[in-house]
Amino acid sequence: QVQPVESGGGLVQPGGSLRLSCAASGSSFSSYTVAWFRQAPGKEREFVSAMRVNSGHTYYADPVKGRVTISRDNTKTTVYLQMNSLKPEDTAAYYCAASRTTILSAIANQNAYAYWGQGTQVTVSS
């Protein structure tokens, strides 16, 4: 089984950029769907983006579409989330998760993901 490990969070000014990384500990992300979710204080965890690592197909939530890009390295052991034009409302703990699901409708459902990282904090503030 795979254990996601996130890194790359921090404090950034509005309009700035950050790149989050999710590394696969113990395995690679081959044959997995890897997703990013986020949870702001007092709010429910929400889907941000996902990638079917083998095919490279990507999916984005509407609030981040056009500002966020998910990608992977050639070894399929790290998945990245490039976030641009960051807004204060992007402030949240960001979690990486992995799933073997092949069901398209489950991509954005956190219950479909069995493997979760500890999270990395992103704070957008001036």
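It should be emphasised that the depicted structure is a prediction, and the values quoted were computed from it without experimental measurement. Just so it is clear, the values below take in all heavy atoms, side chains as well, and ignore hydrogens, waters and symmetry mates.
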Side-chain contact test, heavy atoms from C-beta onward, threshold under 4.5 Å: evaluate it for Leu20 versus Met83 and give yes or no. yes

>> Do Gln121 and Thr91 have side chains that approach each other closer than 4.5 Å (heavy atoms only, starting at C-beta)?
In response: yes

Glu6 (side chain) donor-acceptor with Cys96 (main chain) under 3.5 angstrom
yes

Rounded to the nearest 0.5 angstrom, the OH-CZ distance for Tyr113 and Phe47 is 6.0 Å

The reported gap from NZ in Lys76 to OG in Ser27 (rounded to nearest 0.5 angstrom) is 12.0 Å

Does the structure place the NZ or CZ of Arg100 under 6.0 Å from the centre of the six-membered ring of Tyr32, at an angle of no more than 45° from the ring's axis? yes

Quiz prompt | Check against side-chain contact (heavy atoms from CB on, under 4.5 Å), Tyr80 and Asp73 | solution = CA-CA 8 Å; Tyr80 303 100; Asp73 69 350; 4.2 Å; yes

Query - Step-by-step salt bridge (Lys or Arg N to Asp or Glu O under 4.0 Å) determination, Lys87 to Asp90 - result: CA-CA 5 Å; Lys87 306 175 182 179; Asp90 294 316; over 6 Å; no

Open item on the list: Applying side-chain contact (heavy atoms from CB on, under 4.5 Å) to Ser49 and Thr58, what does each step give before you reach the verdict?
Closed with: CA-CA 7 Å; Ser49 179; Thr58 58; 5.6 Å; no

Donor-acceptor pair, side chain of Gln118 and main chain of Tyr95, under 3.5 angstrom: no

Margin query: The test is side-chain contact (heavy atoms from CB on, under 4.5 Å); show your working for Val34 and Met51 and say whether it passes.
Written below: CA-CA 5 Å; Val34 176; Met51 169 183 275; 5.5 Å; no

CD of Gln82 to CD1 of Ile70, rounded to nearest 0.5 Å, is 12.0 Å

Looking only at heavy atoms, the pair that brings Leu81 and Tyr94 closest together is CD2-CD2, 4.3 Å

Of all heavy-atom pairs linking Ala50 and Ile107, the shortest is CB-CG2, 3.6 Å

Problem set entry | Polar side-chain atom of Arg52 near backbone of His57 as donor-acceptor pair, under 3.5 Å | no

Side chains of Tyr60 and Thr69, heavy atoms from C-beta outward: is any pair under 4.5 Å?
yes

Counting N and O atoms only, with roles assigned by atom type, does the side chain of Ser25 sit under 3.5 Å from a partner on the main chain of Gln3, one being a donor and the other an acceptor?
no

Rounded to the nearest 0.5 angstrom, the CD1-OG1 distance for Ile103 and Thr33 is 10.5 Å

key: Test log, rule side chain to side chain donor-acceptor pair (under 3.5 Å), inputs Asn54 and Ser31   = CA-CA 6 Å; Asn54 279 355; Ser31 78; 5.3 Å; no

Between Ala112 and Ser99 the two heavy atoms that sit nearest each other are O-OG, 2.7 Å

Report yes or no: is the cationic atom of Arg45 (NZ for Lys, CZ for Arg) under 6.0 Å from the centre of the six-membered ring of Phe37, at an angle within 45° of the ring normal? no

Checklist line | Glu89 atom CD, neighbour heavy-atom count above 12 within 6.0 Å | finding: yes

For Ala92, does its backbone N or O pair with a side-chain atom of Arg38 as donor and acceptor, under 3.5 Å?
no

